[in-house]
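Structure, as structure tokens:
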Number of protein chains: 2
Amino acid sequence: MELSFDKFKKEFDITVDDICRDYYLNNRETINIKKEAVAVKNLTAILNTTLKLSNDKGFQAMTLRDLSKESGLSMGALYTYFTSKDELFRIIHNHGMNMINMALVNRLKDETDPDVKLRKAISIHLYLSELMHQWFYFLYMETRNLPRDERKLTIESELFTEQIFIDILKQGVKGGIYSIENVILTSAVIKALLQDWYLKRWKYSKRKTTIDQYASFIINFIESSIKPVRRRTE
Amino acid sequence: MELSFDKFKKEFDITVDDICRDYYLNNRETINIKKEAVAVKNLTAILNTTLKLSNDKGFQAMTLRDLSKESGLSMGALYTYFTSKDELFRIIHNHGMNMINMALVNRLKDETDPDVKLRKAISIHLYLSELMHQWFYFLYMETRNLPRDERKLTIESELFTEQIFIDILKQGVKGGIYSIENVILTSAVIKALLQDWYLKRWKYSKRKTTIDQYASFIINFIESSIKPVRRRTE
DNA sequence: GTCTATAGTGCGATAGAC
DNA sequence: GTCTATCGCACTATAGAC
């Protein structure tokens, strides 16, 4: 395989710091802190701690007193960086969604061969979800905290990722390398398998399944079903 | 296919009433209500409303005031049926887990042919999750509300279902009808596909995918990968 | 059995000292 | 910029009338 997790990890260039710097620079009016270094450092601590506590017991169950204690900032200091617990939620939610979607698209845009692109899309999605595990898990589990009308955004994001796979599969069918009776259901299934990796991390980690094992296993599994075959049984 | 959702639905004999009656009869000391009919009726309303509200915004976010309003019982009346919000959680969690595991095992125990049994296990799991959707969703999403040491139970339950598939697959490999390099990963993948049906119900429902379409699709998908083949490409 | 009223707690948010 | 102290509120849980 041309792509491995180790290689990806070394080339991976997104840090939580960058996300926080980005957020800080775009919200200088509301964040009343002049020194960029201080603001970014504290924002990073806030987001990382929130992700940690949320992933453990849920965002609702995390109190700002918990966050204050674990992040080392006082209650008062926290409120320099956001105006309400609700806003803190939205910062993580929106920036996380954006970052993931962009990272995925950017790393796939130059690939044209559907066969290679499919494997690459699967690997990259798995690798991203491994390096940004807390963000993926947060986005999956905490969407219910959004009011009904804002959940649409998350739904669109789910469908957006799925669409990437739909396009690849359609292209492959057109080129005759895949034989698929239902492209949409096939994409849904691929998505489910990608998500299982970060939703059941405890299981795979306990069994010492490596991410590259999982990647090549599901690539095989999926290709068995979509590549034209002559079956011996039946 | 010998099994369809319509047929299953007609034969399905578990009601929330039964679960509540069972719970009531086993806890007569703590529930200070003499008339069985009254107790079961109210318990059913409590459980159904809790499931509804929890599935919408999460158990933590649901307040007992919400529950009181929606179920039609006063705050005081609610506390006749459970001693704390925590206990309410456990009632649903434990009874749900038991019910699901038992229902699955009971309906599979007489089947010996691994090929038939695999299809049956997949169909029945899907059908059960459809009819008891709120329970499945609750168990999946709310486990984090349990204290760390009690989460083991849920983990065991996840592995228990998976074990059912591991056993079937192993038997099939032994009998020469399946060719599987990694039985455990294959079972994990099957489980993930079963769960996607109830975790993304909004998606499948929006696309008008029926449960029998989904069932036969993933059965095909899985069998493509585990049945011995001669591949044309490669 | 079921209600209303309320005790007691811990939350999100803020004011004002430093 | 960051802290501590505190306000007001909404929550779980209960007491006591009916």
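Convention: sequence-line order gives letters A, B, ...; per-chain numbering from 1. Note that this is a predicted model, so its numbers are computed, not measured.
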Send over the distance from [X] [atom1] to [N] [atom2], rounded to a whole Å.
X: B:Lys41; N: C:dT2; atom1: NZ; atom2: C1'; value: 11 Å
X: A:Asn145; N: C:dG12; atom1: CG; atom2: P; value: 13 Å
X: B:Met75; N: C:dG8; atom1: CE; atom2: P; value: 17 Å
X: B:Lys85; N: C:dC11; atom1: NZ; atom2: C1'; value: 13 Å
X: A:Leu73; N: D:dC3; atom1: CG; atom2: P; value: 6 Å
X: B:Met62; N: D:dA10; atom1: CE; atom2: P; value: 18 Å
X: A:Lys57; N: C:dC11; atom1: NZ; atom2: C1'; value: 13 Å
X: A:Leu78; N: D:dT4; atom1: CG; atom2: C1'; value: 14 Å

- [ ] Quick one: closest heavy-atom pair of A:Leu126 and A:Ile211, and the distance?
- [x]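 It is O-CD1, 3.4 Å.
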
- [ ] Taking all non-hydrogen atoms of both residues into account, name the closest pair between A:His93 and A:Phe138 and its distance.
- [x] N-CE2, 4.3 Å

Give the nucleotide from the list [options] with an atom nearest to the side chain of [X].
X: A:Ile33; options: D:dA13, D:dT2, C:dG12; answer: D:dT2
X: A:Thr80; options: D:dA13, C:dT2, D:dT2; answer: D:dT2
X: A:Tyr79; options: C:dT14, D:dA13, C:dT4; answer: C:dT14

- [ ] Report yes or no: is the cationic atom of B:Lys85 (NZ for Lys, CZ for Arg) closer than 6.0 Å to the six-membered ring centre of B:Phe59, at no more than 45° off its axis?
- [x] yes

Open item on the list: Classify B:Ser74 by what it touches in the nucleic acid, base, sugar-phosphate, or nothing, heavy-atom distance under 4.0 Å.
Closed with: base

Open item on the list: What's B:Phe82 touching, base or sugar-phosphate or nothing? Going by heavy atoms closer than 4.0 Å.
Closed with: nothing

Open item on the list: Main chain of A:Pro147, side chain of B:Lys57: is a donor-acceptor contact present, judged purely on distance under 3.5 Å?
Closed with: no

- [ ] For the pair B:Glu150 (side chain) and B:Leu146 (backbone), establish whether a donor and an acceptor sit closer than 3.5 Å, ignoring hydrogens and angles.
- [x]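 Pair absent, no side-chain N/O of B:Glu150 close to backbone of B:Leu146.
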
TODO: State whether A:Asn42 places a side-chain N or O below 4.0 Å from either non-bridging phosphate oxygen (OP1 or OP2) of D:dT2.
DONE: yes

- [ ] Could you check A:Thr83 against A:Thr63 and say which one's nearest nucleotide on DNA chain C is further toward the 5' end?
- [x] A:Thr63

Task: Distance-only donor-acceptor test, A:Arg65 side-chain atoms vs C:dG12 base atoms, 3.5 Å - done: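 A donor-acceptor contact between them is present.
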
